[in-house]
Structures are given as structure tokens and as C-alpha cells.
Amino acid sequence: QVQLVESGGGLVQAGGSLRLSCAASRTIFSRNAMGWYRQPPGKQRELVAVISIGGGITKYADSVKGRFTISRDIAENTVYLQMNSLKPEDTAVYYCNAGTYSIGTYYPNYWGQGIRVTVSP
């Protein structure tokens with residue numbers, strides 16, 4: 001059974017920081033690129049960031065470039081999303097996922113249950 005377990009969400013004031021974590025099974029983590037999507041209230045789900053299997057390639061949505069950093073820890077089978085300079089428009093449910101990253105396109109296959117991030121003005 002695929003398991004992706006997110007943690008680290010919550011309420012933060014604008015300008016603050018949060019770090020999301022996603023613990024994955026060893027098999028899933030070692031064989032897949034990892035990413036984060038988010039779904040703001042009343043909006044569609046969107047890709048936030050993705051990191052390749054080896055960690056050497058990352059990709060970010062324009063809206064988070066320079067503020068968010070995705071990383072992965074092989075020893076812990078965990079992917080992180082460090083979110084700095086948070087804005088109210090970053091408020092969303094954030095989903096960890098695992099999938100294929102090929103020629104600049106990410107295809108998520110496995111999903112976590114999501115974790116809520118709320119940024120107050």
C-alpha cells in the first residue's frame with residue numbers, strides 16, 4: 001500500500017515560514033520523483049514544486065519561485081517543502097505526491113491525503 005504522509009501544516013501570519021514534510025515508503029521514494037501540489041479554496045489543484053529522483057533537478061511554479069524550496073532526504077525517505085515569505089494567497093491544501101518526471105513534465109501517480117496551510121494577512 002502506497003503511503004505518503006504529510007505533516008507540518010498549520011496557521012501562520014503573512015511573511016512567516018512553514019516547512020512541510022512528506023514521509024514515503026522506501027520503495028516509492030527511491031523510484032519516483034516527488035512533488036507538491038496545492039488546491040486553494042474554490043480553485044483547481046496546481047503544481048507547486050517537483051524534485052527528481054536524484055534531487056538534482058527541481059521545478060517550481062512561478063508564483064513560489066524564490067520563496068519555496070523543495071528537497072529530499074534519502075536517509076529519511078522524506079521530501080520537504082520549505083515555504084518562506086508566505087502570502088495569504090498561499091493558503092491551500094497541500095498534497096505530497098510521487099511520480100514520473102520526464103522532459104520537464106511531472107506525472108504524479110501517488111498522492112497523500114493533503115495538509116492545510118492557512119496564511120493570515
Side-chain angles (χ1 to χ4, degrees):
Q1 183 177 354
V2 175
Q3 278 196 321
L4 298 172
V5 181
E6 300 107 332
S7 61
L11 174 64
V12 64
Q13 286 189 329
S17 298
L18 281 175
R19 188 177 77 158
L20 303 182
S21 301
C22 174
S25 64
R26 180 179 296 180
T27 299
I28 291 298
F29 188 84
S30 64
R31 296 178 180 180
N32 286 273
M34 302 292 294
W36 291 92
Y37 274 69
R38 68 184 181 187
Q39 186 164 17
K43 297 184 179 180
Q44 290 188 331
R45 198 173 292 189
E46 60 183 6
L47 177 65
V48 175
V50 61
I51 186 167
S52 60
I53 294 174
I57 300 173
T58 57
K59 180 179 178 180
Y60 297 92
D62 288 343
S63 59
V64 306
K65 281 181 182 176
R67 300 189 297 122
F68 289 13
T69 302
I70 189 170
S71 61
R72 58 194 296 161
D73 186 327
I74 296 173
E76 298 294 329
N77 297 323
T78 299
V79 62
Y80 300 100
L81 185 68
Q82 178 66 45
M83 305 186 294
N84 298 329
S85 301
L86 283 161
K87 305 175 181 180
E89 51 263 44
D90 294 317
T91 294
V93 177
Y94 284 72
Y95 296 90
C96 174
N97 38 75
T100 302
Y101 187 41
S102 177
I103 315 177
T105 302
Y106 179 53
Y107 304 92
N109 296 316
Y110 309 104
W111 292 83
Q113 294 201 342
I115 191 164
R116 189 171 301 276
V117 172
T118 303
V119 184
S120 62

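Closest approach of S85 to S17, counting heavy atoms only: N-OG, 4.3 Å. Between V79 and C96, the closest heavy-atom pair is CG1-SG, 3.9 Å. A pairwise comparison of heavy atoms in T91 and P41 identifies O-CD, 3.6 Å as the closest pair. The shortest non-hydrogen separation linking A98 to M34 is CB-SD, 3.6 Å. In plain terms, the two heavy atoms of I70 and G35 that are nearest each other are CD1-CA, 4.2 Å. Counting all heavy atoms, side chain and backbone alike, L4 lies closest to A24 at CD2-CB, 3.5 Å.
Under a 3.5 Å cut-off, the side chain of E6 and the backbone N or O of G114 do form a donor-acceptor pair. Although no hydrogens or angles enter the test, the distance criterion places no donor-acceptor pair under 3.5 Å between the side chain of R45 and the main chain of V93.
Distance check, rounded to the nearest 0.5 Å: CZ of R67 to CG of L86 gives 6.5 Å. Annotation: the span from N77 atom CG to R26 atom CZ amounts to 6.0 Å, rounded to 0.5 Å. Distance check: L18 CG to I115 CD1 gives 9.0 Å after rounding to the nearest 0.5 Å.
Shown are Y107, Y106, Y37, W111; of these, the side chain to side chain donor-acceptor pair (under 3.5 Å) with N97 is made only by Y106. Under the side chain to side chain contact (heavy atoms under 4.5 Å, CB included) test applied with Y60, the options V48, T69, L47, V50 reduce to a single match, T69.
Partners of Y94 according to the side-chain hydrogen bond (donor to acceptor under 3.5 Å, both in side chains) rule, which considers only residues two or more places apart in sequence or in another chain, are R38. Under the rule for a side-chain hydrogen bond (donor to acceptor under 3.5 Å, both in side chains), R19 has no partner lying at least two apart in sequence or in another chain. By the side chain to side chain contact (heavy atoms under 4.5 Å, CB included) test, K43 is found to be paired with P40, residues two or more places apart in sequence or in another chain being considered. Here Q82 pairs with N84 under the side-chain hydrogen bond (donor to acceptor under 3.5 Å, both in side chains) rule; sequence neighbours left out. Judged as a side chain to side chain contact (heavy atoms under 4.5 Å, CB included), and not counting sequence neighbours, the contacts of I74 are F29. For S7, there are no side-chain hydrogen bond (donor to acceptor under 3.5 Å, both in side chains) partners two or more places apart in sequence or in a different chain.
The local environment of CD in E46 is crowded, with over 12 non-hydrogen atoms from other residues, nucleotides or ligands closer than 6.0 Å. The number of heavy atoms from other shown groups lying within 6.0 Å of CG (L11) is above 12. Annotation for E89: atom CD counts as buried by contact number, over 12 foreign heavy atoms lying within 6.0 Å.
In the hydrophobic cluster analysis, where Ile, Leu, Val, Met, Phe, Trp and Tyr join through side-chain heavy atoms closer than 4.5 angstrom, I53 is grouped apart from W36. Taken together through direct or relayed side-chain contacts under 4.5 Å among Ile, Leu, Val, Met, Phe, Trp and Tyr, Y95 and Y80 form parts of separate hydrophobic clusters.
The pair K65-D62 meets the salt-bridge criterion, with a side-chain N (NZ, NE, NH1 or NH2) lying under 4.0 Å from an Asp/Glu carboxylate O.
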Start with the C-alpha gap between M83 and V117, add the side-chain angles, then the distance that decides, and say whether side chain to side chain contact (heavy atoms under 4.5 Å, CB included) holds. CA-CA 10 Å; M83 305 186 294; V117 172; 4.0 Å; yes
